[in-house]
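Here is the structure we will look at.
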Amino acid sequence: MTTLATTNNNEIKSIENITSLPNSVLLSQGAEAKTYKIDLYGIKCIVKERFVKAYRHPTLDQKISGKRILQEVRSLNKCKKNGIDVPALLLVDVPSNRIYMEYIDGITVKQYLYNCFDQSKETSTTTTQTQTEAHQQQIDICAEIGKQIARIHDLNIVHGDLTTSNMLLRNNSKSNIVFIDFGLSYTSTMTEDKAVDMYVLERAFISTHPNSELLFKEILDSYQKNSPSPKVAKAILDKLDQVRLRGRKKLAFG
Ligand SMILES: Nc1ncnc2c1ncn2[C@@H]1O[C@H](COP(=O)(O)OP(=O)(O)OP(=O)(O)O)[C@@H](O)[C@H]1O
C-alpha cells in the first residue's frame with residue numbers, strides 16, 4: 001500500500017483536501033463514498049474517498065472502510081491481471097480512505113442502451129434499418145456483458161453491485177466494457193453468491209430498462225455460452241431460478 005507523496009521538508013503527506021486541487025470535480029456522492037475527477041500531474045484520474053460515518057464507532061468505521069478499500073483494490077487487481085477491463089489502479093491512500101484510479105472516458109452502458117432505445121423507437125424520421133441496427137447494438141452489448149461477467153465470476157469475484165451504471169464504455173465502444181465500483185465485491189466460490197450477483201443485475205436491469213426481459217436473456221445466454229467453465233455457469237443459472245423464486249416469495253409474503 002502506498003500513500004500519495006507530496007514532499008514537504010522530506011515529509012510524505014496525503015493530499016489534505018481533494019476539493020482544493022485545481023480542476024477537481026465531485027462526480028457523485030454515494031452512501032459510503034464521494035467520487036471526484038481530478039487532474040493529477042496532468043493525468044485525469046478518479047479519486048474515490050470513503051467518508052467517516054459519524055454514527056459508527058471510529059475504530060469500527062476505520063475497520064469497515066479499510067476492508068472495503070482492500071476488497072475493491074484486490075478485485076480491481078485480480079481483474080486487471082486476468083485481462084478483464086477495469087480502471088487501472090494508480091494509488092491507494094489507506095489513512096485517507098482513498099483510491100486513485102484511471103479515469104475512463106466514455107458513457108455508461110445505461111446511457112448507451114437508452115440511446116439505442118431512442119433510436120429504435122418508431123418516429124417519422126426513423127427508418128426500419130435504423131431500428132434494426134439499434135436493436136442489434138442492444139443485443140451485442142448484452143452479449144458482451146454476459147461474457148465479461150462470466151469471466152469475472154470464473155475468477156471467483158462476486159461484484160456485489162452489478163448495474164448498467166457500473167459499466168462504462170471505453171471510448172464509447174460497445175465492445176469495450178469497463179466494470180467499476182467493486183466496493184461491495186468479495187471473493188467466493190459459491191454458486192449461490194454468483195447467482196445472487198446475477199439476480200441483483202436482473203432486478204436493476206429490468207427496472208432501469210423497462211420491457212427488456214428478452215435483452216436480459218441475451219446476457220444470460222452469453223454468460224453460459226462464453227463462460228470459461230460452462231458446467232459451473234449452468235449450475236449458477238439453475239441456482240438463479242431458485243434465487244428468483246425466493247425473491248418473489250419474499251415480495252409476496254414479506
Ligand atoms: N474510473 C472511472 N472513470 C470514469 N468515471 C468513473 C470512474 N469511477 C467512477 N466513475 C463515475 O463516478 C460514479 C460513482 O462511482 P462509484 O460507482 O465507484 O461510486 P459509488 O457508487 O459512490 O461507490 P460505492 O457504491 O462503493 O459507495 C460512477 O457512476 C461513474 O459515473
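One is the number of the first residue; the rest follow in order along the sequence. Just so you know, ligand 1 is whichever comes first in the structure, and atom 1 is the first atom listed for that ligand. Values in this document were obtained by computation on a predicted structure and should not be read as measured data. Worth knowing before you read on, the calculation uses all heavy atoms, side chains too, and leaves out hydrogens, waters and symmetry mates.
Put simply, the side chain of Phe51 reaches to within 4.5 Å of the side chain of Gln29, judged on heavy atoms. Taking 4.5 Å as the limit, some side-chain heavy atom of Arg68 sits within range of a side-chain heavy atom of Leu184.
No more than 12 heavy atoms of other residues, nucleotides or ligands lie within 6.0 Å of CG in Leu214, so this atom counts as exposed by the packing criterion.
With a 4.0 Å heavy-atom cut-off, ligand 1 is reached by no atom of Leu184. Neither the backbone nor the side chain of Glu72 has a heavy atom within less than 4.0 Å of ligand 1.
Of all atoms in ligand 1, numbered sequentially from 1 with element shown, those under 4.0 Å from a heavy atom of Ser28 are 13 (C), 14 (C), 22 (O). Within ligand 1, counting atoms from 1 as listed, the ones closer than 4.0 Å to a heavy atom of Lys48 are 16 (P), 18 (O), 19 (O), 23 (O), 24 (P), 26 (O). Remark: ligand 1 atoms within the under-4.0 Å shell around heavy atoms of Pro87 are 1 (N). Near Gly30, meaning under 4.0 Å from any of its heavy atoms, are these atoms of ligand 1: 22 (O). Ligand-side atoms of ligand 1 in range of Asn166: 17 (O), range being under 4.0 angstrom from any heavy atom. Close approach of ligand 1 to Ala33 (heavy-atom distance below 4.0 Å) involves ligand atoms 22 (O), 27 (O). Using a 4.0 Å cut-off to heavy atoms of Arg50, the atoms of ligand 1 that qualify are 26 (O). In the vicinity of Tyr103, heavy-atom distances shorter than 4.0 Å reach the ligand 1 atoms 3 (N), 4 (C).
Between Tyr223 and His153, the ring planes lie perpendicular to each other; the angle is over 60°, past the 30° to 60° tilted range.
A cation-pi arrangement is absent between Lys174 and Tyr112, since the terminal nitrogen or guanidinium carbon is not both under 6.0 Å from the aromatic centre and inside a 45° cone about the axis.
Of the protein's non-hydrogen atoms, Ile46 CD1, 3.7 Å is the one closest to atom 6 (C) of ligand 1. Taking atom 28 (C) of ligand 1 as the reference point, the nearest protein heavy-atom neighbour is Ile180 CD1, 3.7 Å. Of the protein's heavy atoms, Glu32 CB, 3.7 Å lies nearest to atom 27 (O) of ligand 1. Of all protein heavy atoms, the one lying nearest to atom 3 (N) of ligand 1 is Ile104 N, 2.8 Å. Distance from atom 29 (O) of ligand 1 to its nearest protein heavy atom, with residue and atom name: Ser165 O, 4.1 Å. The protein non-hydrogen atom at the shortest distance from atom 11 (C) of ligand 1 is Leu27 CD1, 3.9 Å.
By the 3.5 Å distance cut-off applied to N or O atoms, Glu102 is counted among the residues near ligand 1. For Gly183, no nitrogen or oxygen atom sits less than 3.5 Å from a nitrogen or oxygen atom of ligand 1, counting backbone and side chain alike.
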* **side-chain hydrogen bond (donor to acceptor under 3.5 Å, both in side chains) assessment of Gln111 paired with Asn115** => CA-CA 6 Å; Gln111 190 56 53; Asn115 296 349; 3.0 Å; yes
* Give the intermediate values and the outcome of salt bridge (Lys or Arg N to Asp or Glu O under 4.0 Å) for residues Asp154 and Arg151. => CA-CA 5 Å; Asp154 199 57; Arg151 294 179 66 208; over 6 Å; no
* Please report the C-alpha distance between Glu133 and Gln137 in whole Å, then the side-chain angles of each, then the deciding distance to 0.1 Å, and finally whether the side-chain hydrogen bond (donor to acceptor under 3.5 Å, both in side chains) criterion is met. => CA-CA 6 Å; Glu133 278 170 13; Gln137 280 168 351; 5.8 Å; no
* Run the numbers on Ser173 and Ser175 for side-chain hydrogen bond (donor to acceptor under 3.5 Å, both in side chains), then give the verdict. => CA-CA 5 Å; Ser173 154; Ser175 50; 3.2 Å; yes
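Distance screen at 4.0 Å: atom 31 (O) of ligand 1 has no protein heavy-atom neighbour inside the cut-off.
Other cluster members for Val158: Tyr186, joined by side-chain heavy-atom distances under 4.5 Å among Ile, Leu, Val, Met, Phe, Trp and Tyr.
Every residue two or more places apart in sequence or in another chain was checked for a salt bridge (charged side-chain N to carboxylate O under 4.0 Å, His left out) with Asp197, and none qualifies.
For atom 26 (O) of ligand 1, the choice among Thr35, Asp181, Thr163 with the nearest heavy atom turns out to be Asp181.
Using a 4.0 Å cut-off between charged side-chain N and carboxylate O, Glu32 and Arg56 make a salt bridge.
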